[in-house]
Amino acid sequence: MHRLNSTFIFKGSTAPSPAVVRIGLILISTDEVGGDAFSAIMPRDDVSVFATRGCCEDSWEGFAFKSSFKEVANTLPPGERLDVLAFSCTSATVELGIEGLLSELSNALPGVKYTSPAIAAIEALKQFGAKRIALLTPYPVNVHRSLIKFFKEQGFDITADGTFDMSTDAEIGELQKESIFAAAKSLVEASAPDALFISCTATPVVGYIDQLEAELALPVVTSSQAMAWDALRLVGYKKPISQFGRLLAASR
């Protein structure tokens with residue numbers, strides 16, 4: 001310590017952040033569920049999540065993300081302080097395309113790794129060796145059909161599919177567990193898939209994945225769960241995480 005006029009100048013000691021992994025998370029403004037779901041999965045002693053939001057219309061008439069990716073990324077810590085940038089919107093990945101989204105993210109925050117729910121879901125389903133999948137979404141029918149097309153183009157066979165045909169993220173976030181479980185069981189019983197994918201980060205299902213897997217007797221992959229798994233996988237984090245399904249319970 002020394003003194004400059006009447007001001008004391010202190011010399012402090014610093015240490016690196018104790019977190020092993022630092023993740024930047026871009027949420028859309030209308031999603032009331034995805035941010036908490038993603039963060040709930042992350043082991044707090046090892047992972048720091050820095051979340052921000054981009055303005056988005058609660059509409060399904062095309063991708064209505066009003067903020068630029070660069071603008072939103074600028075509200076996060078600098079790239080050299082982050083390991084992964086995750087964009088938390090499944091349907092937007094499908095609409096922009098994987099390469100289109102990755103280009104947006106890399107331009108917004110160069111030099112880190114990138115993921116999104118749809119990108120992560122592909123890798124998660126491959127992790128299980130699943131080729132035949134049942135697909136459950138909350139989207140309007142036209143958006144739901146774009147998900148079917150997306151997964152087929154990635155080489156998956158859609159054995160059964162269904163949607164709640166909802167118009168807003170607010171409605172999706174109020175879906176009841178009983179409705180999700182009943183729809184999931186109907187799809188699985190109708191088609192005997194290798195795995196079930198439940199789409200949309202706004203779908204309130206992350207806390208129930210273990211129970212749903214037990215009742216269905218097959219792997220369940222969801223948007224936020226897959227993105228959390230992929231973000232950790234990308235940086236080599238291998239510790240198992242319980243309570244969120246088989247995908248995270250196994251070491252990576």
Side-chain angles (χ1 to χ4, degrees), residues 23-42 48-77 79 82 84-109 112-122 124 135-147 150 163-175 180 197-207 221-231:
I23 300 171
L25 177 66
I26 297 178
L27 301 161
I28 62 172
S29 58
T30 54
D31 185 353
E32 301 174 15
V33 173
D36 288 343
F38 184 87
S39 294
I41 292 170
M42 294 299 170
S48 291
V49 177
F50 303 90
T52 189
R53 288 181 181 268
C55 183
C56 187
E57 291 182 357
D58 211 349
S59 166
W60 297 102
E61 299 301 320
F63 179 44
F65 196 56
K66 289 189 162 184
S67 307
S68 79
F69 283 92
K70 183 70 172 177
E71 288 172 342
V72 177
N74 282 341
T75 66
L76 292 167
L82 297 174
V84 179
L85 180 62
F87 175 58
S88 185
C89 187
T90 319
S91 59
T93 306
V94 172
E95 181 163 337
L96 293 172
I98 292 174
E99 293 305 319
L101 176 62
L102 291 176
S103 176
E104 291 278 6
L105 295 178
S106 62
N107 287 334
L109 196 71
V112 300
K113 300 180 187 298
Y114 312 98
T115 188
S116 78
I119 293 170
I122 293 167
L135 174 66
L136 177 60
T137 85
Y139 307 128
V141 172
N142 64 311
V143 179
H144 174 79
R145 287 174 177 161
S146 71
L147 267 286
F150 174 83
T163 179
F164 289 104
D165 192 22
M166 291 185 161
S167 301
T168 68
D169 280 342
E171 286 182 289
I172 294 167
E174 293 172 356
L175 272 168
I180 296 170
F197 177 61
I198 302 177
S199 191
C200 194
T201 57
T203 304
V205 68
V206 161
V221 175
T222 80
S223 288
S224 292
Q225 170 225 35
M227 185 170 60
W229 168 83
D230 196 39

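- Between W229 and A124, the shortest heavy-atom distance links the atoms CZ3-N, 3.5 Å.
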Side-chain donor-acceptor distances from residues 96-108 under 3.5 Å, at least two apart:
| residue | atom | partner | partner atom | Å |
| --- | --- | --- | --- | --- |
| S106 | OG | L102 | O | 3.0 |
| S106 | OG | S103 | O | 3.1 |
| N107 | ND2 | S103 | O | 3.1 |

Show your working on side chain to side chain contact (heavy atoms under 4.5 Å, CB included) between T222 and T203 and close with a plain yes or no.
CA-CA 9 Å; T222 80; T203 304; over 6 Å; no
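- Under the rule for a side-chain contact (heavy atoms from CB on, under 4.5 Å), the partners of A228 that lie at least two apart in sequence or sit in another chain are F38, I41, M42.
- Every residue two or more places apart in sequence or in another chain that forms a side-chain contact (heavy atoms from CB on, under 4.5 Å) with T52 is listed here: I26, V72, T75, L76.
- S91 and Y139 share no side-chain donor-acceptor pair at under 3.5 Å.
- Among all heavy-atom pairs drawn from L82 and G24, the shortest one is CD2-N, 3.9 Å.
- The side-chain hydrogen bond (donor to acceptor under 3.5 Å, both in side chains) search around T137 returns H144, T163, not counting sequence neighbours.
- Taking CZ of R53 as the reference point, atom CD1 of I28 lies at 8.5 Å (rounded to 0.5 Å).
- Under the salt bridge (charged side-chain N to carboxylate O under 4.0 Å, His left out) criterion, D230 pairs with R233, sequence neighbours left out.
- With rounding to the nearest 0.5 Å, the separation of SG in C200 from CZ in F164 is 11.5 Å.
- Taking every heavy atom of both residues into account, T90 and F197 meet most closely at CG2-CZ, 4.4 Å.
- With sequence neighbours left out, the side-chain contact (heavy atoms from CB on, under 4.5 Å) criterion links S224 to A37, T201, V206.
- Counting all heavy atoms, side chain and backbone alike, P117 lies closest to C89 at CD-N, 3.6 Å.
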